[in-house]
Undergrad: 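Below you will find the structure I want to go over with you.
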Number of protein chains: 2
Amino acid sequence: MAGHAHNAPQLTKNQALVLGTLESAGAPLSAYTILDHLRGEGLRAPLQVYRALDKLVAIGMVHRLESLNAFVACRHPGCGHHETVAFMICEACSNVGEITDASLEDRLKLAAEDAGFAPKRSIIELRGTCRDCQS
Amino acid sequence: MAGHAHNAPQLTKNQALVLGTLESAGAPLSAYTILDHLRGEGLRAPLQVYRALDKLVAIGMVHRLESLNAFVACRHPGCGHHETVAFMICEACSNVGEITDASLEDRLKLAAEDAGFAPKRSIIELRGTCRDCQS
DNA sequence: TGCCAGACGTTATACCGTTACGCAACGAAC
DNA sequence: GTTCGTTGCGTAACGGTATAACGTCTGGCA
């Protein structure tokens with residue numbers, strides 16, 4: 001359990017349990033899978049997990065993968081400042097990598113503004129094959 | 001009803017009904033909303049809609065918006081060749097715009113390959129406010 | 001004629017996420 | 001110290017999203 005050394009605002013018990021589950025999995029988990037892992041710790045209802053996830057996502061320690069309806073612990077040791085992140089999701093091994101590329105973000109923002117669109121949040125997810133899974 | 005003039009492989013009845021519903025809505029619809037619109041035409045089960053959607057997405061006449069769990073008719077008159085498309089989703093009016101920017105795609109592909117990742121499909125969705133909805 | 005592939009229809013089920021309650025703990029304000 | 005707002009917690013019920021597992025029907029074709 002490497003454990004992040006974030007500027008983390010004292011996680012509550014449920015939040016710590018959920019984060020711990022995601023970190024030790026090292027791969028995306030659905031909310032219900034997390035719940036199943038935590039029934040032994042006393043959690044019983046989806047809402048308990050979703051509330052913890054909401055908070056963890058809000059403070060940037062967990063990311064939601066929209067195309068998977070799943071959640072993953074943030075990989076960046078220095079979490080905290082969260083611009084746009086692009087995810088690389090391996091369809092063979094489920095590993096998830098993160099890209100933060102300022103020029104990519106700029107391009108995207110520019111293209112949007114050309115169309116008169118004011119973006120608030122960007123979702124970028126690549127599905128494919130990671131280095132280790134390419135034969 | 002503008003109606004696409006695609007190189008479309010003879011849609012079946014259900015596929016045509018689903019596509020028509022999406023085109024006349026002009027905004028993203030969930031599969032179940034489509035189903036509700038089509039109960040009058042004899043459709044009864046989600047699967048009938050999902051099967052039609054699968055086909056329409058495969059031939060590029062409909063896009064799936066992952067962050068919305070919804071579907072939208074393709075806006076491009078000249079559909080058919082589908083590279084990466086980025087969607088601009090207005091949170092005020094639900095309109096969806098499409099961006100196809102080759103240099104954006106290149107940047108993304110480059111960044112991925114730097115990480116040894118071989119992408120198959122890209123999902124890019126911007127949430128924000130469209131031109132008309134910015135006061 | 002017999003076979004096969006593809007679309008279709010139905011039922012049931014699994015998976016994902018939220019609404020609507022009410023309770024308990026804590027800190028700030030007065 | 002009581003009041004009050006805020007935040008987190010727990011439970012039950014529900015609604016929205018998607019698929020599994022059947023079986024049927026049709027058209028093409030050897």
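Here is how names work: the chains are called A, B, and so on, in the same order as the sequence lines, proteins then strands, and each is numbered from 1.
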Undergrad: Please enumerate all residues that pass side chain to side chain donor-acceptor pair (under 3.5 Å) together with A:N95, with sequence neighbours excluded.
TA: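 Partners of A:N95 by the side chain to side chain donor-acceptor pair (under 3.5 Å) criterion, ordered by chain and then number, come out as A:R75.
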Undergrad: Quick one: how far along DNA chain C does chain A reach, first to last nucleotide 5' to 3', anything under 4.0 Å to a heavy atom?
TA: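 Both ends considered, the range comes out as C:dC16 to C:dA20.
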Undergrad: Can you list the residues that meet the side chain to side chain donor-acceptor pair (under 3.5 Å) rule with A:S67, with sequence neighbours excluded?
TA: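 With sequence neighbours excluded, A:S67 shows a side chain to side chain donor-acceptor pair (under 3.5 Å) to A:E125, A:R127, given in chain and number order.
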Undergrad: Under 3.5 Å, side-chain donor or acceptor atoms of residues 105-114 of chain B against the rest of the protein: list the pairs with distances, not counting sequence neighbours.
TA:
residue: B:E105; atom: OE2; partner: B:T84; partner atom: OG1; Å: 3.2
residue: B:R107; atom: NE; partner: A:S103; partner atom: OG; Å: 2.8

Undergrad: Kindly state which residues belonging to residues 34-45 of chain B come within less than 4.0 angstrom of DNA chain D, counting heavy atoms of the residue only, listed by number.
TA: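 Close to the strand, none.
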Undergrad: Considering residues at least two apart in sequence or located in another chain, which fulfil the salt bridge (charged side-chain N to carboxylate O under 4.0 Å, His left out) criterion with B:R131?
TA: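 Counting only residues at least two positions away or on another chain, B:R131 forms no salt bridge (charged side-chain N to carboxylate O under 4.0 Å, His left out).
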Undergrad: Donor-acceptor pairs under 3.5 Å, side chain of residues 45-56 of chain A to any protein atom, not counting sequence neighbours: which ones?
TA:
residue: A:Q48; atom: OE1; partner: A:R44; partner atom: N; Å: 2.8
residue: A:Q48; atom: OE1; partner: A:A45; partner atom: N; Å: 2.8

Undergrad: Donor-acceptor check, side chain of B:T21 to backbone of B:L17, threshold 3.5 angstrom: yes or no?
TA: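 Here the side-chain-to-backbone pair exists.
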Undergrad: Report the residues that fulfil ring pair (Phe, Tyr, Trp, His ring centres under 6.0 Å) with B:F71, sequence neighbours left out, ordered by chain and then residue number.
TA: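 With neighbours one apart ignored, the set is empty.
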Undergrad: Which residues pass the side chain to side chain contact (heavy atoms under 4.5 Å, CB included) test with A:A92, not counting sequence neighbours?
TA: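 Partners of A:A92 by the side chain to side chain contact (heavy atoms under 4.5 Å, CB included) criterion, ordered by chain and then number, come out as A:C90, A:C133.
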Undergrad: Keeping to residues at least two apart or across chains, list the salt bridge (charged side-chain N to carboxylate O under 4.0 Å, His left out) pairs with something in residues 26-41 of chain A.
TA: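 Non-adjacent pairs meeting salt bridge (charged side-chain N to carboxylate O under 4.0 Å, His left out): A:D36-A:R39.
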Undergrad: Establish, with yes or no, whether the OP1 or OP2 oxygen of D:dG8 is under 4.0 angstrom from a side-chain nitrogen or oxygen of A:K55.
TA: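 The answer is yes; a side-chain N or O of A:K55 sits under 4.0 Å from OP1 or OP2.
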Undergrad: Take atom CD of A:Q48 and atom P of D:dG10, then tell me their distance rounded to the nearest Å.
TA: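 One finds 5 Å between P of D:dG10 and CD of A:Q48, rounded.
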Undergrad: Please name all residues satisfying side chain to side chain donor-acceptor pair (under 3.5 Å) with B:T100, sequence neighbours left out, ordered by chain then number.
TA: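 Testing B:T100 for side chain to side chain donor-acceptor pair (under 3.5 Å), a comparison that skips the adjacent residues, returns none.
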Undergrad: Would you list the protein and nucleotides 16-23 of chain D atom pairs, both N or O, that sit under 3.5 Å from each other?
TA:
residue: D:dT17; atom: OP2; partner: B:S30; partner atom: OG; Å: 3.4
residue: D:dA18; atom: OP1; partner: B:R64; partner atom: NH1; Å: 3.3
residue: D:dA18; atom: OP1; partner: B:R64; partner atom: NH2; Å: 2.1
residue: D:dA18; atom: OP2; partner: B:Y50; partner atom: OH; Å: 3.1
residue: D:dA18; atom: O5'; partner: B:Y50; partner atom: OH; Å: 3.4
residue: D:dA18; atom: N7; partner: B:Y32; partner atom: OH; Å: 2.8
residue: D:dA18; atom: N6; partner: B:Y32; partner atom: OH; Å: 3.3

